[in-house]
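Computed from a predicted model, the values in this text were never measured in an experiment. Read the numbers this way: they start at 1 and go in the same order the structure lists the ligands and their atoms.
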Amino acid sequence: MKAAILGAQETASDFISFLNAAPTPFHAVAEAKRRLEAAGFTQLSERDSWALLPGGTYYFTRNFSTIVAFAIGKRFYPGCGFAIVGAHTDSPCPKLKPRSKIVKGGFLELGVQTYGSGLWHTWFDRDLTVAGRVMVRRGNGFSHELVHVKEPILRIPTLAIHLDKTVSEGFKINTQTQLVPVLASCIKDELSKSLPDENGALVAEDANSKAEAHHHSLLLKILSSELGCESDDICDFELQVCDTQPSSIGGALKEFVFSGRLDNLCMSFCSLKALIDSTSEASLENETIVRMVALFDHEEVGSNSAQGAGSPVMLDALKRITISMGEESSQNVEKAIQQSLLVSADMAHCLHPNYMDKHEENHQPKMHKGLVVKYNANQRYATNAVTSFIFKEIARRQDLPTQVIRIFFQGKTVRKANIFLLLWQDFVVRNDMACGSTIGPILASGVGIRTVDVGAPQLSMHSIREMCGVDDVGYSYRHFKLFFEDFSALDQHVNVD
Ligand code: ZN
């Protein structure tokens, strides 16, 4: 049995395939790129000059882990604004150290450093693997290649309760000494080294290779067989530990998404799909602005990198699009920025039924009620009355007629009910608790652009396995799509001067 707003189940299924293709930011960008190219978007290089056309759809990537895609309205001219949704491609995870080789207690282990603020205890006793990017020598050149080992080759075992009765009291972890994945036992590794190859010869170990001095040769063999190269051709890599359990739809009524990386691949997916689906010829015919999605790496560690939201990526894109669309005027970029709106989309905290006191009593986001608009007087979120009004008005204008919700059982509709087409809710953190932040204030202060912070509600944020609502995936996608389609017309009626 399943219950979802019309279209939400299909959007969520598409989201599941996006999640399963995106164990790392590199894979998320590659999957976004694949979808954009299938929809006719043209790749640009930041190393070249850009020649753009009204009605054109384009994208560029930076470091293979940040991607910016945009569609230019057919009536756009330099100085016109941008409707932007920004999100992030990264999530907390253990990443392999540059020298990951550890041999301890009869086991081969991998040294990892923690990336972001993960709920590290959730990584114990899971079937884990590695994914990321590898620099591979191919002939005389070197290429950046993605790798994702699908088998569960790693595990971080917990300590049995018999060996420490206090182990489950708070489960405190030393991430240096205890968050260390096991790759193999020494004994089996030694035996595998002396196994004859298919010609009957003993396999020789090349202990002189530089990579093998830093990483287990067993790991390099696994990577080289995935990549179809020799271990020696692996020049460098950035690998992270990830879960092998595929993302899925669950709950008795098939209303939840169970997955890692919902923060923030959910907003990345919904905004990307909304952009792709709002760029038909007809939709761009009377459009005066540029519709854009910017998915950044490194949000979980503060955004300060060459491809993070703290870099000039966004400003570079606004400048280059504005300038390449006509004669350069020193004021066109500034004019464009003041006519633009950034929706900073990052997952929000759903009210937790077992920890209700952690939420401010008048601001308790729930599942299946649409995007959460986030406010913070101390500017940890960049929302203000103008930007929240615009974002909510876009939904408000669409709330008639009401949408039919269908309850399915064994493939048949067994019940229908009416609900509003689009909903939204508000969030502030309690005064006695610390507030998280997003790329919203970073871009608002760096670019000077009007910004609203929003996100779909979820539980277990930063766990290896999080959960959100199927309907909220559908609501988020449709809210972003309406934002792209309706912002320029609505903004003409908002007096901001
Ligand atoms: Zn996030």
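Side chain of Ser305 to main chain of Gly308: a donor-acceptor pair is present (N/O by atom type, distance under 3.5 Å, no hydrogens or angles).
The angle subtended at the Zn ion (ligand 1) by OD2 of Asp346 and NE2 of His88 is 80°, given to the nearest 10°.
Among the heteroatoms counted here (N, O or S) of Asp263, OD1 is the one nearest to the Zn ion (ligand 1).
Distances from the Zn ion (ligand 1) show that Glu300 has no N/O/S atom below 2.8 Å. Glu299 lies apart from the Zn ion (ligand 1) in this respect, since none of its N, O or S atoms is found at a distance under 2.8 Å.
For residues 29-38, the pairs satisfying side chain to side chain donor-acceptor pair (under 3.5 Å) are Asp14-Arg35, Glu31-Arg34, Glu31-Arg35, Glu37-Tyr59, with sequence neighbours left out.
Contacts of Ala444 classified as side-chain contact (heavy atoms from CB on, under 4.5 Å), with partners at least two apart in sequence or in another chain: Ala382, Thr451.
Here the CG atom belonging to Leu341 is positioned 7.5 Å from the CD1 atom belonging to Ile394, to the nearest 0.5 angstrom.
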